[in-house]
Amino acid sequence: MTTFADLGLSQKVLSAVTDAGYSTPTPIQAGAIPPALQRRDILGIAQTGTGKTASFVLPMLTLLEKGRARARMPRTLILEPTRELAAQVAENFEKYGKNHKLNVALLIGGVSFDEQDRKLERGADVLICTPGRLLDHCERGKLLMTGVEVFVIDEADRMLDMGFIPDIERIAKMIPFTRQTLFFSATMPPEIQKLADRFLQNPERVEVAKPSSTTKTITQRIVASHNKDYEKRAVLRDLIKAQDELKNAIIFCNRKKDVADLFRSLERHGFSVGALHGDMDQRSRTAMLQGFKDNQITLLVASDVAARGLDIPDVSHVFNFDVPIHAEDYVHRIGRTGRAGRSGQAFTLVTKSDSKYLDAIEKLIGEKIEWLSGDLSELGAPMESFESGDKGRRGRDKGRGDKDRGRDRGRDRDGRRGSSSHSDDTKPVDTVAVSQPKEPVAVTETTRTEVVNAEAKQDTRRQQNGNRNARPYPANDDGRDQRRQRHHRDHDDGPTPVGFGDDIPAFMLIAGKA
DNA sequence: AAAAAAG
């Protein structure tokens, strides 16, 4: 049987791999590492979860042992579609490069240029980037790509979906033709094949089967729900509470707004919960993901930014709050559980209008998913709407912009302020079955408002177009914003606040640069 | 019906 020692990797790399507890390479690693070490181009066709990342990180580390980086001239470049994946690759370099003295620069958006500039100035051996930020650095003229020896394009098909191909072409033009190119994609549609043909010279093609274990180790169930968000939230809560072996879970929504709404709802119901979507500020994204990995957060509500490639080894459950519109996304989402041979549970909430998407999913995976109990035809009457019992609220909305009103509509549905007797809100917080229903630790202390803010930021962006630095809520001197204080009051029935209370005039909510 | 990525 092949071991890592047979692949031609350097001692430094081998000892780091051994320390990490690995001895046997995965098929993509066994297939890609030897030719990569011989400076061949690679066409790797592999899904995430096949050990793909190490299949380029390990040979790159070995190759980088010769030579030294010069200022502003990176020696290798890796492109990733999302910031989280880029950060994950950087972590891999830390882990397997612990015996090396390499300067690894992570160039992603949403964070300050300063530290990135400093790393570039010192001379980066490895540049790990999302396309936008890399181009931004290039345009500032602080980066010379003429020294790049190894160019990695990861998740090419996803980059195509995301419209990054023109950016990648621009970047590729800046890199010398003599480079070595490692190109990875989970699938090979014609456009990707064309791209590969243009970028690669006589590549070694390494194709590995989909990890069949993913679906085998995952128990999948579908759960019927009415279409209203508050009903879906109630179904979800019941489902979560019914799990006896829920260690942690990722809950996927189709829209960023619903991520924010569901996050707030679950938080209000006392769950240990975090959120992750692309309009959150990067600090929160990083903190939420880290808090989830560290088991400080039990539930992570996420958009499809978290669907692919994120490497969290022991997620016990995946819940699809929404049926994904694209069937492949279903496979990616549920693939966040049942990893590394563990068992996993995947539940998908299905409403009547979802049936065609469900059909597409079942067709793709080649099997019918079992209903947890009953099916759509057995749904009772929808919950009574309580819109009418919701007077008072309109008064509170007076003087606030439309954007705020729009946001609060979702909030009032199942997250009413103060004490509520609505059925959706009757469960006292302390009956929650999930671990640690307490405040979700320091991580969320600093970040949870920013989930809310991100959403408002989106609105602000949309409405104000041009005032990009607008802070959606006025900050207090401790750096928190007033919205957070209001949020706190949701949890107690204290006296009506003085000052603006909930009636902060719209113009004050937009504290832009005047 | 979406999300992601530069600011």
Side-chain angles (χ1 to χ4, degrees), chain A residues 48 78-88 106-114 116-117 128-143 153-171 186 227-229 232 250-262 275-282 285 289 301-310 320-330 332-333 336 349-358 360-361 410 454-455 457-458 460-462 464-471 512-513:
Chain A
T48 49
I78 301 168
L79 291 181
E80 293 289 334
T82 68
R83 298 171 185 173
E84 277 73 19
L85 285 179
Q88 197 167 283
L106 179 63
L107 305 189
I108 59 174
V111 294
S112 111
F113 281 90
D114 298 349
Q116 296 178 0
D117 281 338
I128 306 163
C129 315
T130 45
R133 182 52 73 97
L134 174 66
L135 287 170
D136 211 340
H137 276 282
C138 291
E139 279 157 19
R140 290 160 169 242
K142 294 256 172 165
L143 201 44
I153 300 161
D154 197 13
E155 305 258 332
D157 51 351
R158 194 174 178 198
M159 301 248 216
L160 175 77
D161 288 346
M162 290 166 69
F164 282 165
I165 299 304
D167 286 351
I168 292 173
E169 307 230 28
R170 276 178 66 200
I171 293 163
N227 203 8
K228 296 285 185 211
D229 280 352
K232 288 175 84 174
I250 304 181
I251 304 167
F252 286 102
C253 300
N254 286 357
R255 295 172 203 76
K256 288 176 282 203
K257 180 189 182 303
D258 294 329
V259 171
D261 288 349
L262 182 57
L276 186 65
H277 68 68
D279 278 344
M280 287 163 55
D281 66 274
Q282 192 54 37
R285 283 170 70 163
L289 189 57
V301 187
S303 70
D304 278 322
V305 69
R308 302 197 198 187
L310 282 195
N320 288 312
F321 185 74
D322 299 307
V323 179
I325 292 163
H326 293 299
E328 320 87 77
D329 286 333
Y330 175 82
H332 292 296
R333 287 179 180 187
R336 296 311 98 205
L349 267 56
V350 178
T351 70
K352 281 188 175 135
S353 50
D354 293 326
S355 50
K356 68 174 170 186
Y357 299 117
L358 180 62
I361 289 166
E455 186 192 350
K457 192 170 79 190
Q458 212 184 350
T460 310
R461 227 187 273 142
R462 217 180 288 128
Q464 294 224 308
N465 196 23
N467 191 1
R468 293 193 174 88
N469 291 323
R471 199 167 185 284
K513 294 194 163 77

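In what follows, every chain begins at residue 1, and chains take the letters A, B, ... in the order their sequences are listed. These figures come from a predicted structure and were not determined experimentally.
Between the base of B:dA2 and the side chain of A:His326 there is a donor-acceptor pair shorter than 3.5 Å.
Listed nucleotides B:dA3, B:dA5, B:dA2 differ in distance to A:Thr82; the shortest reach to its side chain belongs to B:dA5. Counting only heavy atoms from C-beta on, A:Glu84 has its side chain closest to B:dA5 among B:dA5, B:dA1, B:dG7. For A:Ser303, the side-chain atoms get nearest to B:dA3 when compared with the rest of B:dA3, B:dA6, B:dA2.
For the pair A:Lys256 and B:dA4, the criterion of a side-chain N or O lying under 4.0 Å from OP1 or OP2 is met. Listed pair A:Thr130 / B:dA6 meets the phosphate criterion, a side-chain N or O lying under 4.0 Å from OP1 or OP2. Between A:Arg255 and B:dA4 there is no side-chain polar atom (N or O) within less than 4.0 angstrom of OP1 or OP2.
Taking atom NE2 of residue A:His332 and atom P of nucleotide B:dA4, one finds them 15 Å apart after rounding to whole Å. Per the geometry, CD belonging to A:Gln282 stands 9 Å off P belonging to B:dA6, to the nearest Å. Rounding to whole angstrom units, CG of residue A:Asp261 and P of B:dA1 are separated by 18 Å. Per the geometry, CG belonging to A:Leu107 stands 15 Å off P belonging to B:dA5, to the nearest Å. When rounded to the nearest whole Å, the span between CG of A:Leu134 and P of B:dG7 equals 13 Å. Rounded to a whole Å, the CZ atom of A:Arg308 is 15 Å from the P atom of B:dA3. Whole-Å rounding puts the A:Asp281 CG to B:dA5 C1' distance at 16 Å. One can place NZ of A:Lys232 at 15 Å from P of B:dA1, the figure rounded to the nearest angstrom.
At least one side-chain heavy atom of A:Asp117 sits less than 4.5 Å from a side-chain heavy atom of A:His137. A 4.5 Å side-chain heavy-atom check between A:Asp322 and A:Phe252 finds every atom pair outside the cut-off.
Nucleic acid contact class of A:Gly110 (heavy atoms, under 4.0 Å, all strands): sugar-phosphate only. Using a 4.0 Å heavy-atom distance criterion, A:Arg158 is classed as making no nucleic acid contact. Heavy atoms of A:Tyr357 sit under 4.0 angstrom from at least one base atom.
For the pair A:Arg133 and A:Phe113, the cation-pi criterion (under 6.0 Å, within 45° of the ring axis) is fulfilled.
A salt bridge does not link A:Lys257 with A:Asp229: every distance from a Lys NZ or Arg NE/NH1/NH2 to an Asp or Glu carboxylate oxygen is 4.0 Å or more. Taking a cutoff of 4.0 Å between a charged side-chain nitrogen and a carboxylate oxygen, A:Arg170 and A:Glu139 qualify as a salt bridge.
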